[in-house]
Colleague: 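What follows is a structure written as structure tokens; I'll ask about it next.
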Amino acid sequence: MGKKELFQIGDVARLFHISVGSLRHYEKIGLIKPEYIDESTGYRYYSTRQFECLNTIRYLRVLDMPLPQIADFLKNRKIEKIQEMLCQQKETVIRKQKELKSIERKIQNRLEQLQDALLAEKEIIRIKQIPPRRFAWLRYDFSMDSYENPDFETSILQLAQGQKDSVVFLGKVGAGISREQLLAGKYDQYNMVFLILDSEDQYAGPAEILAAETCVTVRFCGSHKDAPAYYEKLAEYIKEQKLQITGFSKEITMIDFGLTNDPDQFVTEIQIPVCASSV
């Protein structure tokens, strides 16, 4: 076969809309070999005999087929083999679609939460109906007297241990004060760290579904260290409205250092579950 019937590597790259680097990589891993290599110049030349193989490679790459699988098929091309590969790839695509849909929902959840945190009125005490939520938590006592608390951060890492998929914590981590502490008016000592799980979160570990709650809530610009004064306001409101505290508080940092370096933009919400007093 004369050189007139051969194509230089750059020409082949243009014909098949792939890079020269890709062709060199295909050669390196044994996927396709040039028809001829000029020993004096090192130039690679391809013939039409490689075109069919390149068409197959390009088609399978469009389907996102891994190169090792393509190489395996090219060594043993059979109808049964390509059917099996296509079925496996279809399953992979379906799984990736589900994963991307889950990521899309996570992004939408965070966007809605950020919008909610930025637009909601602050310093206003309200009674809210909170729907059922899925929680993972660690119970232990600690104080929170700074923006960055080592005990709190370590607890978050403990909640993340052993997870197959990374859990998005931003805007979903909080600390809680037990009912007993709330009734005693002790607002500087926390009894738990929790993670609010989205429906799409695959959490490998103990988690509970909390029933719907009626909560007295307040949002404020600040962090956990600013919370005691707001607990006092909530306690006063609960007393005035003749309500009873029914469970532990949920103190959620909706915007904190994970999202901004500006403490003036921090937003925290305190939720205390209540019911009408029986007295």
Side-chain angles (χ1 to χ4, degrees), residues 102-138 142-157 159-160 166-177 182 187-188 190-201 203 207-210 212-235 237 247-274:
S102 175
I103 292 170
E104 180 187 359
R105 289 195 298 268
K106 286 177 182 287
I107 292 171
Q108 185 61 31
N109 288 341
R110 295 290 74 74
L111 285 172
E112 290 175 0
Q113 186 183 59
L114 282 172
Q115 189 77 349
D116 184 31
L118 292 170
L119 297 181
E121 289 184 291
K122 314 299 188 296
E123 310 285 333
I124 306 295
I125 295 177
R126 291 185 172 85
I127 296 179
K128 290 169 56 176
Q129 300 299 319
I130 309 295
R133 294 172 286 182
R134 189 160 61 108
F135 271 53
W137 53 36
L138 290 175
F142 66 98
S143 61
M144 191 94 72
D145 53 8
S146 66
Y147 290 134
E148 299 179 10
N149 183 285
D151 290 338
F152 187 57
E153 298 301 326
T154 300
S155 299
I156 295 171
L157 290 176
L159 286 170
S166 60
V167 178
V168 180
F169 291 108
L170 296 181
K172 301 195 299 180
V173 170
I177 299 176
L182 293 172
Y187 310 128
D188 58 351
Y190 293 86
N191 309 109
M192 66 191 68
V193 172
F194 59 79
L195 172 65
I196 303 174
L197 299 168
D198 287 332
S199 58
E200 59 271 12
D201 285 330
Y203 188 78
E208 297 180 31
I209 302 292
L210 266 65
E213 297 178 310
T214 299
C215 291
V216 173
T217 71
V218 67
R219 289 184 184 179
F220 59 91
C221 293
S223 179
H224 295 294
K225 75 179 188 65
D226 306 302
Y230 292 95
Y231 276 101
E232 292 176 3
K233 292 179 181 180
L234 290 171
Y237 179 88
F248 67 92
S249 68
K250 289 83 176 172
E251 186 178 320
I252 304 164
T253 49
M254 303 179 74
I255 299 178
D256 62 6
F257 263 124
L259 298 173
T260 177
N261 289 324
D262 184 1
D264 292 336
Q265 292 186 325
F266 290 179
V267 177
T268 299
E269 177 171 295
I270 300 174
Q271 303 170 357
I272 298 179
V274 296

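Treat the numbers as computed from the prediction; the structure is a model and nothing was measured.
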Colleague: Calculate, to the nearest 0.5 Å, the distance between atoms CZ and CG belonging to Phe142 and Asp188 respectively.
Modeller: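 Rounded to the nearest 0.5 Å, the CZ-CG separation comes to 12.0 Å.
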Colleague: Would you compute the distance between atom CD of Glu208 and atom CZ of Phe135 and round it to the nearest 0.5 angstrom?
Modeller: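 Answer rounded to 0.5 Å: 10.0 Å.
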Colleague: Please verify the inter-ring angle class for Phe220 with Tyr230; under 30° counts as parallel, over 60° as perpendicular, anything in between as tilted.
Modeller: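 Phe220 vs Tyr230 ring planes: parallel.
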Colleague: Does Glu104 reach the side chain of Ile107, with side-chain heavy atoms less than 4.5 Å apart?
Modeller: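 No, every pair of side-chain atoms sits at 4.5 Å or beyond.
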Colleague: Could you measure the distance from the NZ atom of Lys122 to the CD1 atom of Ile124? Nearest 0.5 Å is fine.
Modeller: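 So the NZ of Lys122 and the CD1 of Ile124 are separated by 10.5 Å.
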Colleague: I'd like to check Phe194 versus Leu138 (side-chain heavy atoms, cut-off strictly below 4.5 Å). Are they in contact?
Modeller: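 Heavy-atom side-chain distance check fails, nothing below 4.5 Å.
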Colleague: Specify the closest pair of heavy atoms between Cys215 and Ile130, including all atoms of both residues, with the distance to one decimal.
Modeller: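 So the two residues come closest at SG-CG1, 3.8 Å.
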Colleague: Measuring from atom CG of Leu234 to atom CD1 of Ile272, what distance do you get when rounded to the nearest 0.5 angstrom?
Modeller: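 Taking CG in Leu234 and CD1 in Ile272, the distance rounds to 4.5 Å.
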Colleague: Check whether Asp256 reaches the backbone of Thr253 with its side chain - one donor and one acceptor, N or O, closer than 3.5 Å.
Modeller: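 No, the answer is negative, given that no donor and acceptor are paired below the 3.5 Å cut-off.
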Colleague: With side-chain contact (heavy atoms from CB on, under 4.5 Å) as the test, pick out the partner of Leu114 among Leu119, Ile255, Asn109, Val267.
Modeller: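 That would be Ile255.
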Colleague: For the residue pair Leu197 and Ala207, what are the closest heavy atoms and their distance?
Modeller: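 Between these two residues, the closest heavy atoms are CD1-CB, 4.0 Å.
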Colleague: Please report the shortest heavy-atom distance between Lys233 and Glu123, naming the atom on each side.
Modeller: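 Distance-wise, the nearest heavy atoms are NZ-OE1, 3.9 Å.
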Colleague: Any heavy-atom pair between the side chains of Ile252 and Gln271 that's under 4.5 Å?
Modeller: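 Yes, their side chains come closer than 4.5 Å.
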Colleague: Using the six-membered ring of Phe248, assess whether NZ or CZ of Lys250 lies under 6.0 Å from its centre and within 45 degrees of the ring axis.
Modeller: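 Lys250 over Phe248 ring: yes.
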Colleague: Counting N and O atoms only, with roles assigned by atom type, does the side chain of Thr268 sit under 3.5 Å from a partner on the main chain of Gly222, one being a donor and the other an acceptor?
Modeller: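 Between the backbone of Gly222 and the side chain of Thr268 there is a qualifying donor-acceptor contact (under 3.5 Å).
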Colleague: Tell me whether Ser249 contacts the main-chain N or O of Gly176 through its side chain, where contact means a donor paired with an acceptor under 3.5 Å.
Modeller: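 No, because the side chain of Ser249 does not come within donor-acceptor range (under 3.5 Å) of the backbone of Gly176.
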Colleague: Does some side-chain heavy atom of Thr217 sit less than 4.5 Å from a side-chain heavy atom of Ile270?
Modeller: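 No - every pair of side-chain heavy atoms lies 4.5 Å or more apart.
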Colleague: Can we say Arg133 and Asp198 salt-bridge, meaning some charged N sits less than 4.0 Å from an Asp/Glu carboxylate O?
Modeller: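 No.
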Colleague: Spell out, as yes or no, whether a donor-acceptor pair under 3.5 Å connects the side chain of Lys128 to the backbone of Arg126.
Modeller: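 Such a contact is absent between Lys128 side chain and Arg126 backbone.
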Colleague: To the nearest 0.5 Å, what is the distance between OH (Tyr190) and NE2 (His224)?
Modeller: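 Reported value, rounded in 0.5 Å steps: 6.0 Å.
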Colleague: Decide yes or no for Met254 and Phe266: does some side-chain heavy atom of the first lie under 4.5 Å from some side-chain heavy atom of the second?
Modeller: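 No - every pair of side-chain heavy atoms lies 4.5 Å or more apart.
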Colleague: What orientation do Tyr231 and Tyr187 show, parallel under 30°, tilted 30 to 60°, or perpendicular over 60°?
Modeller: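 Answer is parallel, since the angle falls under 30°.
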